[in-house]
Amino acid sequence: MIDTHAHLDACDEPADVLVERASAAGVGRVITVGTGIASCRAALAIAERHGGVYAALGVDPHQAGSEEAGCAAELRELLGHPKAVALGETGLDYHYGSDRKPEQRRLFESQLSLARELSLPVVIHTREANDDTASILDGHSGNVIMHCFSEPGLLSAGLERGWYFSFAGNITYPKATSLREAAAEVPANRILAETDSPYLAPQLLRGRPNEPAYVVHTVAALAAARGDDAAELAARIDANATVAFSLL
């Protein structure tokens with residue numbers, strides 16, 4: 001089983017402890033995600049210590065307009081690391097950054113260009129920005145992973161374009177009916193699961209910091225929503241991640 005999106009550098013407990021607990025829970029691989037240059041360096045340091053941990057590296061939309069947004073050279077260098085498997089998370093967040101929409105779009109577009117240059121998949125954060133997200137991704141080549149998918153309005157466009165859809169612990173929340181319905185529509189070869197640790201702990205553990213071991217609860221909720229066997233879906237998700245991120 002794999003957790004395709006965790007922020008191990010942002011967790012209160014040491015990453016090594018969390019990786020060990022994940023392994024004991026049957027989660028043998030984790031993609032830890034950087035959200036800025038310092039975070040990316042921390043993610044790579046964690047990945048270097050664990051064979052089953054990989055890194056996705058990017059500058060997230062909350063950094064738009066900051067010094068981080070001008071660090072393309074540093075990001076390009078970090079993405080050359082053998083454990084770096086994707087660019088991201090990158091994208092648009094108009095819920096928290098509505099005053100910086102142009103800056104977000106420029107940052108997003110520049111990172112997509114870098115991903116194409118380096119032939120890397122992109123991990124997308126999008127919130128309340130469906131039209132601009134779809135427009136900017138129109139014609140983008142390479143694998144697109146919609147992280148913590150929570151915008152069902154993008155499902156149709158994504159299905160047409162062959163995106164991957166990664167679901168997090170919020171799919172277990174009682175009011176997340178639309179997310180469960182969306183998960184049921186995603187083709188078996190395009191579905192992924194994540195924790196987004198330390199955020200969005202699944203319902204059974206809500207109020208606690210999330211961690212990669214808890215992805216098993218998200219997979220169980222996905223299986224129930226889709227009418228799948230949980231073990232078979234976990235294996236399918238693991239295989240999908242291997243293709244989406246070109247994992248060894």
Side-chain angles (χ1 to χ4, degrees), residues 1-6 22 26-33 52-56 58 84-91 112 115-116 118-126 130 133-134 136-172 176-196 200 202 212 214-248:
M1 194 179 302
I2 185 169
D3 177 1
T4 65
H5 194 110
V27 183
R29 298 193 293 182
V30 178
I31 297 176
T32 187
V33 180
V53 177
Y54 303 87
V85 298
L87 190 152
E89 59 189 88
T90 183
L112 287 179
R116 289 191 293 269
L118 300 177
S119 298
L120 288 171
V122 289
V123 177
I124 306 299
H125 171 115
T126 183
N130 288 2
T133 296
I136 291 172
L137 285 171
D138 187 27
H140 175 75
S141 59
N143 287 338
V144 171
I145 296 97
M146 300 304 292
H147 138 68
C148 190
F149 186 62
S150 58
E151 296 287 352
L154 280 171
L155 183 63
S156 179
L159 292 177
E160 291 177 2
R161 301 177 191 184
W163 297 348
Y164 289 86
F165 295 87
S166 183
F167 293 87
N170 53 340
I171 199 174
T172 69
T177 303
S178 63
L179 289 185
R180 290 186 285 273
E181 291 173 348
E185 294 186 44
V186 176
N189 66 341
R190 285 294 183 269
I191 194 163
L192 298 170
E194 64 175 84
T195 59
D196 201 19
L200 296 176
Y214 298 164
V215 75
V216 298
H217 300 290
T218 298
V219 171
L222 283 170
R226 294 168 58 85
D228 291 340
D229 175 80
E232 291 178 0
L233 181 59
R236 177 73 263 177
I237 288 170
D238 192 79
N240 290 346
T242 297
V243 174
F245 295 98
S246 298
L247 303 180
L248 299 177

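Numbers here are sequence positions counted from 1. Every heavy atom of this structure was used, including side-chain atoms; hydrogens, water molecules and symmetry mates were not. Keep in mind the model is a prediction, meaning the values are calculated, not measured.
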Side chain to side chain, Val186 and Phe149, heavy atoms closer than 4.5 Å: no
Val216 and Val27, any side-chain heavy atoms less than 4.5 Å apart: yes
Ile171 backbone acceptor or donor facing Arg180 side chain under 3.5 Å: yes
Minimum-distance pair of heavy atoms, taken over all atoms of Ala115 and Val122: CB-CG1, 3.3 Å
Parallel, tilted or perpendicular: ring planes of His147 versus His5, cut at 30 and 60 degrees: parallel
Test item: Arg116 side-chain N/O and His140 main-chain N/O as donor-acceptor pair under 3.5 Å: no
Least distance between heavy atoms, Val123 atom then Ala56 atom: CG2-CB, 4.4 Å
Passing candidate, side chain to side chain contact (heavy atoms under 4.5 Å, CB included) with Ile124, options Leu154, Val144, Ile136: Val144
N/O donor-acceptor pair under 3.5 Å between Thr4 side chain and Ala193 backbone: yes
Check: Ile191 main-chain N/O paired with Asn240 side-chain donor or acceptor under 3.5 Å: yes
No-hydrogen, no-angle side-chain donor-acceptor test under 3.5 Å, Thr126 and Glu151: no
Shortest non-hydrogen contact between Leu120 and Leu87, atoms and distance: CB-N, 4.3 Å
Side-chain touch Ile237/Val219, heavy atoms, less than 4.5 angstrom: yes
Any donor-acceptor pair under 3.5 Å from Arg161 side chain to Ala134 backbone: yes
Any Leu159 side-chain heavy atom under 4.5 Å of Arg190 side chain: no
Closest approach of Ala188 to Arg226 (non-hydrogen atoms, all atoms of both residues): CA-NH2, 3.5 Å
Nearest heavy atoms of Leu192 and Phe245, plus distance in Å: CD1-CE1, 4.3 Å
From Thr218 atom OG1 to Phe167 atom CZ, the distance as rounded to the nearest 0.5 Å: 11.0 Å
Inter-residue atom distance Thr242.OG1 - Ile2.CD1, 0.5 Å rounding: 6.5 Å
Least distance between heavy atoms, Tyr164 atom then Val243 atom: OH-CG1, 3.6 Å
Asn170 side-chain N/O to Leu200 backbone N/O, donor-acceptor pair under 3.5 Å: no
Close side-chain approach of Cys148 to His125, heavy-atom, < 4.5 Å: no
